[in-house]
Number of protein chains: 2
Amino acid sequence: MTTASSKSRRERPSKPALSREWIVAETIKIVRDEGLEKATMRRVAQALDTGPASLYVYIANTTELHAAVLDELIGTVDLDRGSIPWRRRLDDVLAGYGSLLFAYPGLARSALVAYPHGPNAIRLYDLVLGLLLEAGTEADRAAWGVDLLLGYVTAIAAEHSEPVTDLDITAGREIDALFNALRSADAATAPHVAAHADALVSGTGGERVRWAIDVLLRGITATPIPPEVSDGR
Amino acid sequence: MTTASSKSRRERPSKPALSREWIVAETIKIVRDEGLEKATMRRVAQALDTGPASLYVYIANTTELHAAVLDELIGTVDLDRGSIPWRRRLDDVLAGYGSLLFAYPGLARSALVAYPHGPNAIRLYDLVLGLLLEAGTEADRAAWGVDLLLGYVTAIAAEHSEPVTDLDITAGREIDALFNALRSADAATAPHVAAHADALVSGTGGERVRWAIDVLLRGITATPIPPEVSDGR
DNA sequence: ACCTGAACACCGTTCAAGT
DNA sequence: ACCTGAACACCGTTCAAGT
């Protein structure tokens with residue numbers, strides 16, 4: 001017998017054959033434990049006990065690898081509990097997607113550059129679109145609105161999360177730097193900012209996000225799309 | 001006389017003393033000609049005829065360098081022509097900022113992660129806030145709305161621009177990949193997407209941006225902020 | 001006191017050469 | 001036919017050692 005299990009050389013617990021699925025699974029483990037910035041081709045190859053060149057047989061480049069990881073993780077978040085009001089379910093879905101991106105800021109950043117479009121991302125799209133339709137939103141507006149809602153959540157996660165510069169606690173969030181600048185704005189060059197500094201920096205992140213989603217929903221349902229739009233690209 | 005001009009060794013047209021300003025100016029030249037991805041510490045140092053270590057005397061790290069470049073470029077875009085209606089001026093300002101970020105996608109991406117907060121960014125904030133107030137928007141909503149409008153423009157520029165992978169024309173925009181995925185969605189797993197695929201992919205980028213700004217403005221003016229928000233963090 | 005050469009610790013990607 | 005060692009062409013950042 002020469003099955004894998006009977007082999008005596010077992011340097012690693014087991015070294016399965018390379019495959020796209022296996023590479024992605026191993027990458028997720030690294031992302032979870034050490035952050036996206038550590039999930040490099042070289043690092044993943046090392047974890048899989050091979051050289052980086054081998055990964056290129058299954059994955060075109062680093063961007064594609066990260067996109068595959070994000071789609072896989074989106075699959076774990078799709079929480080759709082029926083029978084509660086649409087608005088509540090929408091908040092839950094956006095919050096779920098948001099916490100995922102908040103937990104992995106690097107993925108939020110990559111989602112902003114490379115639109116998620118794997119099977120799980122499409123399901124998320126479908127879920128949000130369905131809820132907007134359930135709310136009675138006119139179909140064209142709902143269709144364009146999905147992008148706005150998901151894009152907002154992505155952007156806020158990319159912005160408000162820490163840069164994760166290893167252990168540099170002193171760094172602080174970038175938004176604090178902006179708030180400080182707004183607070184100390186010069187009344188001569190920035191009169192409006194100076195006059196409304198308190199309002200500009202007020203509110204917690206959560207309060208602002210809730211308000212922004214209100215703003216988007218109200219705007220989406222109330223704003224007609226132009227009568228003649230070029231269709232399909 | 002030993003003034004700089006009388007020196008005979010003049011390997012370069014002139015090699016002024018290093019300074020933060022000079023480093024930023026040289027970096028802008030590289031960004032303009034070759035894109036942000038080429039504006040590395042090493043590359044900038046090379047252009048300034050020195051080693052990378054020397055830059056660290058004036059600039060803390062690459063992120064700070066790129067932020068300084070963005071603020072400098074924002075300074076060139078602040079077009080405020082008075083005497084035309086506020087909405088027109090707002091569109092112009094957002095379009096101006098948007099084209100800047102569209103022209104330098106790398107900067108749009110870095111603006112999403114590191115909030116611009118230099119003097120010129122604050123002036124831009126002030127301009128947009130002033131226009132919202134001029135429109136009669138309640139001050140608290142206007143203050144929170146500025147973030148939303150500028151953030152949207154930044155996100156759209158980061159998303160819709162090409163990855164600029166040197167000369168790889170085949171790459172195509174990421175949004176096309178999403179549109180293809182939406183168009184070929186399976187009616188079984190994504191019924192709403194399948195039913196409204198046309199609407200999901202309709203419209204040009206410009207049409208969608210105009211609609212989105214309408215959505216945001218309508219939402220911002222109509223949505224009250226919560227009565228009690230924690231102030232100033 | 002100020003500046004920087006050289007090193008440290010990494011990257012992504014390709015391709016010639018092996019099995 | 002499939003896989004990969006080794007190389008190419010880069011990075012950011014630090015610090016010991018020079019002037």
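On a predicted model such as this, the values are computed, not experimentally measured, just so you know. Just so it is clear: chains get the letters A, B, ... in the order the sequence lines come, proteins before strands, and each one is counted from 1.
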A.B. asks: Charged N to carboxylate O under 4.0 angstrom, A:Glu26 versus A:Lys29?
C.D. replies: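 Salt bridge flag = yes for A:Lys29 with A:Glu26.
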
A.B. asks: Can you tell me how far CZ of B:Arg109 sits from CG of A:Leu112, rounded to the nearest 0.5 angstrom?
C.D. replies: 10.5 Å

A.B. asks: Could you tell me whether the phosphate oxygens of C:dT13, OP1 or OP2, come under 4.0 Å of any side-chain nitrogen or oxygen in A:Thr62?
C.D. replies: yes

A.B. asks: How far, in whole Å, is D:dC2 from C:dA17 if one measures between their C1' atoms?
C.D. replies: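 Roughly 13 Å separates the two C1' atoms.
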
A.B. asks: Side chain of A:Arg42: nearest nucleotide among D:dT13, C:dT4, C:dT13?
C.D. replies: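 Within the option list, the nearest is C:dT13.
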
A.B. asks: Without decimals, in angstroms, what is the distance between A:Ile23 CD1 and C:dG12 C1'?
C.D. replies: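 Rounded to the whole Å, the gap is 15 Å.
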
A.B. asks: Side chain of A:Arg43, heavy atoms from C-beta onward: which of C:dT13, C:dC11, C:dT4 has the nearest atom to it?
C.D. replies: C:dC11

A.B. asks: Do you know which of A:Ile74, A:Val77, A:Thr76 makes side-chain contact (heavy atoms from CB on, under 4.5 Å) with A:Asn120?
C.D. replies: A:Ile74

A.B. asks: Using atom CD of B:Glu37 as one end and atom P of C:dG12 as the other, report the distance to the nearest whole Å.
C.D. replies: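 So the CD-P distance, B:Glu37 to C:dG12, works out to 16 Å.
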
A.B. asks: What is the distance, to the nearest angstrom, from the CG atom on A:Asp49 to the P atom on D:dT4?
C.D. replies: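 These atoms are roughly 10 Å apart.
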
A.B. asks: Using both pair distances under 3.5 Å as the test, note the stems of at least 3 consecutive Watson-Crick or G-U pairs that include DNA chain D.
C.D. replies: C:4-8 with D:12-16, C:12-16 with D:4-8

A.B. asks: Measure CG/A:Leu65 against C1'/C:dC11 and give the value in whole Å, please.
C.D. replies: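 Taking atom C1' of C:dC11 as the reference, CG of A:Leu65 is at 14 Å.
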
A.B. asks: Rounded to the Å, how far apart are A:Glu64 CD and C:dG12 C1'?
C.D. replies: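 Checked: the CD to C1' distance equals 14 Å.
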
A.B. asks: Give the C-alpha distance, both sets of side-chain angles, the deciding distance and a yes or no for side-chain contact (heavy atoms from CB on, under 4.5 Å) between A:Leu73 and A:Arg32.
C.D. replies: CA-CA 10 Å; A:Leu73 289 176; A:Arg32 238 190 264 277; 4.1 Å; yes

A.B. asks: Grab the CD1-P distance between A:Ile59 and C:dG12 for me, whole Å please.
C.D. replies: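 About 13 Å, once rounded to whole Å.
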
A.B. asks: Donor-acceptor pair, distance only, cut-off 3.5 Å: does the side chain of A:Asn180 make one with the backbone of A:Asp176?
C.D. replies: yes

A.B. asks: Okay, side chain of B:Arg208, backbone of B:Ser202: is any donor-acceptor separation there less than 3.5 Å?
C.D. replies: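 Checked: pair present.
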
A.B. asks: What's the gap between D:dA9 and C:dA9 when it is taken at their P atoms, as a whole Å value?
C.D. replies: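 About 24 Å, rounded to a whole number of Å.
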
A.B. asks: A:Ser54 side chain N/O closer than 4.0 Å to the phosphate oxygens (OP1, OP2) of D:dC3?
C.D. replies: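 For A:Ser54, the contact criterion (side-chain N or O under 4.0 Å from OP1 or OP2 of D:dC3) is not met.
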
A.B. asks: In terms of side-chain heavy atoms of B:Ala53, which of C:dG5, C:dT4, C:dT13 is nearest?
C.D. replies: C:dG5

A.B. asks: To the nearest Å, give me how far apart CG (B:Leu55) and P (C:dC3) are.
C.D. replies: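 Going from CG in B:Leu55 over to P in C:dC3 covers 12 Å.
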
A.B. asks: Using whole Å, what does the distance between atom P of nucleotide D:dC11 and atom CE of A:Met41 come to?
C.D. replies: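 Checked: the CE to P distance equals 20 Å.
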
A.B. asks: Could you check whether any side-chain N or O of B:His192 sits under 3.5 Å from a backbone N or O of A:Leu132, counting only pairs where one atom can act as donor and the other as acceptor?
C.D. replies: no

A.B. asks: Considering only side-chain heavy atoms of A:Val57, which listed nucleotide, C:dC11, C:dT4, D:dT4, is closest?
C.D. replies: D:dT4

